[in-house]
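Working notes, beginning with the structure itself.
Residue numbering restarts at 1 for every chain, and letters A, B, ... go by the order of the sequence lines. Both backbone and side-chain heavy atoms feed into the values below; hydrogens, waters and symmetry mates do not.
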Amino acid sequence: MVPRQQKAEELRALGHNPYRNDFRPTHTTREVREAVGALPPADAEGAAPAAAGPRFRVAGRIVEYRGFGKATFVKLADRHERLQVYLRRDVLGEAAYALFKKAESWDVIGVEGYAFVTKTGELTLMAEQCVLLTKTLRPPPEKWSGLKDHETRYRQRYVDLVVNPGVAEVFRRRSRIVQRIRAYLDQRGFLEVETPMLHGTLGGAAARPFRTHHNALDLPLYLRIAPELYLKRLVVGGFERVYEIGRNFRNEGLSRNHNPEFTMLEFYQAYATYETLIELTEDLLGGLVREFGDGTTLSYQGQAIDFSRPWPRLSVAEAVLRGAQRSGLALDAAQLADEQALLAWCESSGLSQRSDALGQGLRAAAGHGQRLGVLFDQLGEAVLPQDRPVFVVDYPAATSPLARRNDADAERVDRFELFIAGREIANGFSELNDPVDQRERFRQQLEGRRAGDEEAMEYDEDYCRALEYGLPPTAGEGIGIDRLVMLLCDQPTIRDVLFFPHLRPEAALGRVSPRAVSERAAQSRRRLQSERPSSRPARLLDVLSDE
RNA sequence: GAGCCCAUAGCUCAGUUGGCAGAGCAGUAGACUUUUAAUCUAUUGGUCGGGAGUUCGAGUCUCCCUGGGCUCACCA
């Protein structure tokens, strides 16, 4: 790092601020290319560059550097693309060229000049002026192999984004996907809204929360696990079609499908049912697949997924039956449908005695509906087709405390979950708008909490009050944006569609020089000794964030 | 939280049975006015993630710790 810093100091000594901000580009790299494309074809021989042409001012990072003594080729990267710049001592002038030679790979420069085409046919800017705008103190990763180490890529995404072009492309595409979703909903009369992320009452999903605290109000708060209950309050208030795209926080383990903060689209439409939303989902996601996939098919991690409509549906019960069959367990639909028969089957088949998640889940299940839920998660999900999106339907009411009961079967709810490539992508249902039933469901959740279910919802009294003012018949849905982007960008882990996926703190990492840490600790000790005994002891974080 | 795997120069990677820590790129110095991983010459750069142990001797073997990856658990 030192030689680069020396160059920066040398520049200062020569009266040139290595971090100046007085250069205003007139064009991006792409705009130069577009402007030149409209001009007569450049001289392919390159013998007589079009010095009479227009001048362009372009700024960017030097991502390639090839020096030849009295002339240098660099490639500048800006937010659009990369453009070659040719700097010659006889064009720039002796002094300016000498200054430019203080620049090196990954420095940011601004150049002014005219466009021409080299003899190898590459559009190039002939620099007539050049200023160094930002001196880089750290060297870039190796130019051919790039940056591969996953940990460094995630921790230092700013480097990853420059050096691995495919990474930046994923995030650009993510942005376009979200734009398309917004446009789709806006066009159908949905209003984008924002609701609180700090919640006093836990609800809207089944998850363990992050807890925080409001100092001035001396109030414990949760980071929201879902915006659902607030969005439905808005429907009560007359916003019949609303949506929110925002962060949810769930205090869970990390995996290739889970990040503790993740982005969810939730939308609600009055006078609609979950069937309406199934149609909408096929239409919305089908459109995204048309744009980002290959017609009606999408290739994900080598698996072709056929999105031609209608997408297949599978009931929870059917999935469980297939899962049992695949596991070599004899189970029929009649047994599954009857509470006592299913309980007996779980015992006699030995499932309830197992020490794995299936056995534990069955023993913890409070009733038939929860038992079905456990069996679906542990047996059913594994048999869902991989080559088609699948709507799983006919969920038990016991595991869906905010969903409307089916008119024909009060133990079921009008709900679907969309699975693609084995992952849950969306969850939608006709909303429960009967306040009396809702209060009963909250009471059941409270019982679950008392029985030790940390993920059960709290009783939201104000939400019940809102329902008592009348929630029109409504359907709502949540779509996991990160997982959707994974599909549409063919990325295997959620970390690859998040700029900064959650990692353990680096300070505890051996890569931070122990000398630096002990140095800081010593400073902190000295400071503590010089302070009054009554002062608050410095914690590790204070020490590390010092400087 | 559990099991398995990984950690060597700024980056990408070698490192044999336990026997003098290496290469390429980057950097530095020099040559070079149309290159495309430019080329040529010379050269700097290491707490082998951290700690302990075994050994005459540890990058290499053992244990503990830290971080990462995969699988599982959690995610109804």
Practice prompt. Pick base, sugar-phosphate or nothing for A:P401, based on heavy-atom distances below 4.0 Å to the nucleic acid.
Written response: base
Practice prompt. Quick one: label A:Q84 by what it contacts on the DNA or RNA (base, sugar-phosphate, nothing), any heavy atom closer than 4.0 Å.
Written response: base
Worksheet item: Given B:U34, B:C11, B:G69, which nucleotide is nearest the side-chain atoms of A:Y154?
Response: B:G69
Item to complete: Name the nucleic acid region contacted by A:K70, choosing base, sugar-phosphate or nothing; use a 4.0 angstrom heavy-atom cut-off, strictly under.
Response: base
Worksheet item: Stacking between A:F68 and the base of B:C32 (centre distance under 5.5 Å, interplanar angle under 30°)?
Response: no
Worksheet, complete the sentence: Between CD1 of A:I62 and C1' of B:U35 the distance, given in whole Å, is 15 Å
Worksheet item: With a non-hydrogen cut-off below 4.0 angstrom, is A:T493 in contact with a base, only sugar-phosphate, or nothing?
Response: sugar-phosphate
Worksheet item: Taking OP1 and OP2 of B:G69, is either one under 4.0 Å from a side-chain nitrogen or oxygen of A:R495?
Response: yes
Discussion item. Categorize A:G146 for me: base, sugar-phosphate, or nothing, with a 4.0 angstrom heavy-atom threshold over every strand shown.
Written reply: sugar-phosphate
Discussion item. Just to be sure I understand the rule, does A:A206 reach a base, reach only the sugar-phosphate, or reach nothing, if contact means heavy atoms closer than 4.0 Å?
Written reply: base
Worksheet item: Contact class for A:R208 vs. all strands (heavy atom < 4.0 Å): base, sugar-phosphate, or nothing?
Response: sugar-phosphate
Fill in: Whole-Å gap separating P (B:C11) and NZ (A:K148)
14 Å
Discussion item. Measuring to OP1 and OP2 of B:U66, would you say a side-chain N or O of A:R504 lies under 4.0 angstrom away?
Written reply: no
Item to complete: Mind checking A:E455 for me? I need base, sugar-phosphate or nothing, with any heavy atom below 4.0 Å counting as a touch.
Response: sugar-phosphate
Worksheet item: So, does A:Q438 use its side chain to make a donor-acceptor pair with the main chain of A:P401 at under 3.5 Å?
Response: yes
Fill in: Donor/acceptor link under 3.5 angstrom from A:T72 side chain onto base of B:U33
no
Item to complete: Rounded off to whole Å, could you give me the CE-to-P distance for the A:M126 and B:U33 pair?
Response: 14 Å
Worksheet entry | Side-chain N or O of A:R66 closer than 4.0 Å to phosphate OP1/OP2 of B:A38 | yes
Worksheet item: How is A:L254 classified with respect to the nucleic acid when contacts are heavy atoms under 4.0 Å: base, sugar-phosphate, or nothing?
Response: base
Could you pull out all donor-acceptor pairs under 3.5 Å where a side-chain atom in residues 417-428 of chain A meets a protein atom, sequence neighbours excluded?
{"unit_1": "A:E417", "atom_1": "OE1", "unit_2": "A:Y395", "atom_2": "OH", "d": "2.8"}
{"unit_1": "A:E417", "atom_1": "OE2", "unit_2": "A:R415", "atom_2": "NH2", "d": "2.8"}
{"unit_1": "A:R423", "atom_1": "NH1", "unit_2": "A:N257", "atom_2": "OD1", "d": "2.8"}
{"unit_1": "A:R423", "atom_1": "NH2", "unit_2": "A:Y300", "atom_2": "OH", "d": "2.4"}
{"unit_1": "A:N427", "atom_1": "OD1", "unit_2": "A:R415", "atom_2": "NE", "d": "3.0"}

Worksheet entry | Contiguous pairing runs of three or more, Watson-Crick or G-U under 3.5 Å, that involve RNA chain B | B:1-7 with B:66-72, B:10-13 with B:22-25, B:27-31 with B:39-43, B:49-53 with B:61-65
Worksheet, complete the sentence: Rounded to whole Å, the CG-P distance (A:N259 to B:C74) equals 19 Å
Worksheet item: Any Lys/Arg nitrogen of A:R89 or A:E94 sitting under 4.0 Å from an Asp/Glu carboxylate oxygen of the other?
Response: yes
Practice prompt. Remember a base hit wins even if backbone is also touched, and classify A:N257 as base, sugar-phosphate or nothing at under 4.0 Å, heavy atoms.
Written response: nothing
Worksheet item: Are any of A:K119's side-chain N or O atoms less than 4.0 Å away from OP1 or OP2 of B:U34?
Response: no
Item to complete: Could I get the full list of side chain to side chain donor-acceptor pair (under 3.5 Å) partners for A:K75, not counting sequence neighbours?
Response: A:E122
Item to complete: Write down the distance between CG (A:D160) and P (B:U12), rounded to a whole number of angstrom.
Response: 11 Å
Worksheet item: Quick check: does any side chain N or O of A:R55 sit under 3.5 Å from a backbone N or O of A:G53, one acting as donor and the other as acceptor?
Response: yes
Worksheet item: Do any side-chain nitrogens or oxygens of A:R256 fall under 4.0 Å of OP1 or OP2 in B:U71?
Response: yes
Fill in: Value in whole Å for how far the P atom of B:G1 lies from CD of A:E454
15 Å
Practice prompt. Specify whether A:Y65 and A:F100 have parallel, tilted or perpendicular ring planes, treating 30° as the upper limit for parallel and 60° as the lower limit for perpendicular.
Written response: parallel
Discussion item. Could you walk me through whether A:R247 and A:E261 satisfy the salt bridge (charged side-chain N to carboxylate O under 4.0 Å, His left out) test, starting with their C-alpha distance in whole Å, then the side-chain angles of each, then the deciding distance to 0.1 Å, before giving a yes or no?
Written reply: CA-CA 6 Å; A:R247 215 63 67 82; A:E261 49 179 308; 2.7 Å; yes
Worksheet item: Is the distance from OP1 or OP2 of B:U12 to the nearest side-chain N or O of A:K143 less than 4.0 Å?
Response: no
Fill in: Spacing between A:E151 atom CD and B:C6 atom P, to the nearest angstrom
16 Å
Worksheet item: Is there a donor on the side chain of A:E122 or the base of B:U34 sitting less than 3.5 Å from an acceptor on the other?
Response: no
Practice prompt. Have a look at A:Y86 and say if it touches a base, only the backbone sugar-phosphate, or nothing, with a 4.0 Å heavy-atom cut-off.
Written response: base
Practice prompt. Between B:G10, B:U36, B:G27, spot the one nearest the side chain of A:E142, thanks.
Written response: B:G10
Worksheet entry | Nearest-angstrom distance from the residue atom CZ of A:R449 to P of B:A76 | 14 Å
Discussion item. I'd like to know if A:R88 reaches the base of B:U33 with its side chain such that a donor and an acceptor end up less than 3.5 angstrom apart.
Written reply: yes
